Number of protein chains: 2
Amino acid sequence: MANISMKMLAKELRLSVSTVSKVFTDSHEISEQTKEKVLALAKKLNYVPNPYASSLRKRQSKTIAVVLPEVADSFFSVAINGIESVAREKGYHVLIYLTHELLEREQAILTDFQSGRVDGVLISVSNETSTDQHITEMMQRGIPVVFFDRVCEETATTRITTNDRDSGYLAAQHLIEQGCKRIAYLTISESLSISRNRLTGCKQALAAHHLPFRDSDLVLCTDNEAENLAIIKALLEKKNGPDGIIASVEKLTAAVYLACKELKIAIPGKVKVISFSNQSTAPILNPSLTTITQPAFEMGKMAATVLFNSLRKTQAQLRSETIVVPSVLVTRESTGK
Amino acid sequence: MANISMKMLAKELRLSVSTVSKVFTDSHEISEQTKEKVLALAKKLNYVPNPYASSLRKRQSKTIAVVLPEVADSFFSVAINGIESVAREKGYHVLIYLTHELLEREQAILTDFQSGRVDGVLISVSNETSTDQHITEMMQRGIPVVFFDRVCEETATTRITTNDRDSGYLAAQHLIEQGCKRIAYLTISESLSISRNRLTGCKQALAAHHLPFRDSDLVLCTDNEAENLAIIKALLEKKNGPDGIIASVEKLTAAVYLACKELKIAIPGKVKVISFSNQSTAPILNPSLTTITQPAFEMGKMAATVLFNSLRKTQAQLRSETIVVPSVLVTRESTGK
DNA sequence: TTGAAAGCGCTAACAG
DNA sequence: CTGTTAGCGCTTTCAA
């Protein structure tokens, strides 16, 4: 089942391999005649160049890696679409890797990239990622990295984020405007850039309205649905429980709704809920869910575009900057008066 | 920024390249001493073998492709997790390609695989895919293919599906048991294996209960949310409209809920709804949604496992068989009495 | 305009 | 146990 190679094309046409090769790069030093002959035979035999031979020789793989915490989240699903759309356009291939929120796995994955397997990396870091050593190491080896969504703010490269702080502010402000006095902020990590920034905005909004934010209003959830349900039920049952909840990641929404349902707490009557979410089901939840919706597709697209631009240039250091694609607040019933 | 190679390790240690190479395959013909020396230096220099050189030489890429219609659907998101989990375990890399439901793109993607870029392919076909020529061609070139979820039933290879027909039967039967007399079946394609099979089951259930299924009860939806909303509203407003709806793919759920909301049609009072869906929000919809939930993770895992098993053997023809991972009916409020 | 030759980094006979 | 050699399929000087 030997695949067809340039050598075979060359032999068949009594040409040299190098001539054939030049045809495929559309070199001007080849006559139209020969080009046509070669292309015709190539099509007839269904020839496709071996990418690995080419990669080896040219020292570039025309492949990028996308490193994600997980993909069971609508944000990343949609982001992948954005990435894939520009990769395809640029003739790049996309390898996907999941860290499952494990720093160790993230490090192992990036270490592998030292091999030259990929020309660049798009990454959204795990929530365990407190050091960026594995990332800078890769960059030193000449592999450009673009962060998206969950970024390392100290790392000297381009970051694509949404306006997390402003969105946090907006979310809290919205709840306050709707009459909330005591707002709880639900998160899955205290270290993650997005969580921290959203929280900061939230606190600023509260401060601006002379409302308190106590330590107990910051609620750390987990990866486990059942646990989260218990945590949130406990929160809601406290005598001085919140009248407004901000779910800082979409996966926490279900637990909030379920907790309220089980405790027969009315949304938005007793407690108002807003969630950072891209779920298409937000409008059909009971009640429909007010969301801060991230521009997932655009962020993916932007990240990929920035990466490819730097790949085109030989010595293009990615600038240490943050590109912000704004989120949008979609008001629905869950924060109604 | 020249990467470190075996040659360098060899020179540094005054060994031959082949000796170094053998160390990395853990060959028994190398002394413990040398192994240690080499490994130590490799670790120190952060050496990672060039996968493309290796692929070129060994004629295998340790990479598989996953070809999907799209990934904005929870089924595929979760399936990717299943696939990735076993790929990682087996030391394989995963390239991802999206067809966006376009046959032409699917063909172009598979054509590229003739190059030897991947050792095997996991595919869920587009809803335009009526011919399997591009797939069999690839198989003839020695690249094994495993279908999952959306399969080509005539193609001689292994297919991982869920029990679509039985699930269709179950869905309809459930509606009937709950008192429905007139059931509409919503689909996005008449050719797709999954849609056809689910429909078949549905019809069988109706027949078994001596209930009619008219042509107009088969409702073909589109890729466009707004259009679907209009289609479903039209359906519900007909004088002899359905009292039960089966949404054969999850993306149609929102349109059904929204249509009912806009028309003030009570679920489940006036019309009962069941959906083929993996959405985690099903329990918190209004009303909570009865679903046929597909074992997405398991199907992804199974597909990958079957593929890797065939990859281990040199001449392993994949058997032309269908492996069925059953779906489960989760009864919730949307089909209550 | 075409071809010969070298080599990308690794593996696999085979010889020593 | 280690080394020599050839070559995977392609690109890229350089020479003709």
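Proteins come first, then strands; the chains are lettered A, B, ... in the order of their sequence lines, and each starts at number 1. No hydrogens, no waters, no symmetry mates; every other heavy atom, side chains included, goes into these values. Keep in mind it's a predicted model, so treat the numbers as computed, not measured.
Atom CZ in B:R57 sits roughly 18 Å away from atom P in C:dG7 (whole-Å rounding). For the pair B:I4 CD1 and C:dC10 P, the interatomic distance rounds to 9 Å; values are reported in whole Å. The interatomic distance linking B:L56 (CG) with D:dA6 (P) rounds to 18 Å, in whole Å. Between the C1' atom of C:dT2 and the CG atom of A:L13 lies a distance of 14 Å, rounded to the nearest Å. Look at NZ on B:K22: it is 11 Å from P on D:dT4, rounded to the nearest Å. Atom C1' of nucleotide C:dC10 and atom CG of A:N50 are separated by 14 Å, given to the nearest angstrom. Note: NZ (B:K11) to C1' (D:dG3) measures 17 Å, nearest angstrom. The distance from atom CZ of B:F24 to atom P of C:dC10 is 9 Å, rounded to the nearest whole Å.
If you check every strand for non-hydrogen atoms under 4.0 Å, B:S21 touches a base. Within 4.0 Å of B:T34, counting heavy atoms only, lie sugar-phosphate atoms of the nucleic acid but no base atom. Counting non-hydrogen atoms under 4.0 angstrom, B:S5 reaches the backbone sugars and phosphates but no base.
Under 4.0 angstrom from either OP1 or OP2 of D:dG3 there lies at least one side-chain N or O belonging to B:S16. Contact between the side-chain N/O atoms of A:Y47 and the OP1/OP2 oxygens of D:dC10 is found at a separation under 4.0 Å. Close to D:dG3, at under 4.0 Å from its OP1 or OP2, lies no side-chain N or O of B:S18.
Side-chain atoms of B:K7 stay outside donor-acceptor range of the base of C:dG7, with no qualifying N/O pair under 3.5 Å.
Both B:A53 and B:I30 lie near DNA chain D, and the one whose nearest nucleotide falls closer to the 5' end is B:I30.
By the 30° and 60° cut-offs, the orientation of the rings of A:F24 relative to A:Y47 is tilted.
For the pair B:Y97 and B:L110, the minimum side-chain heavy-atom distance is 4.5 Å or more. Using a 4.5 Å heavy-atom threshold, the side chains of B:I80 and B:V78 count as separate.
In terms of heavy atoms, A:L41 sits closest to A:E12 at CD2-CG, 3.5 Å. For the residue pair A:R117 and A:S61, the shortest heavy atom distance occurs at O-OG, 3.1 Å.
In the set C:dC8, C:dG3, C:dC14, the nucleotide with an atom closest to the side chain of A:L15 is C:dG3.
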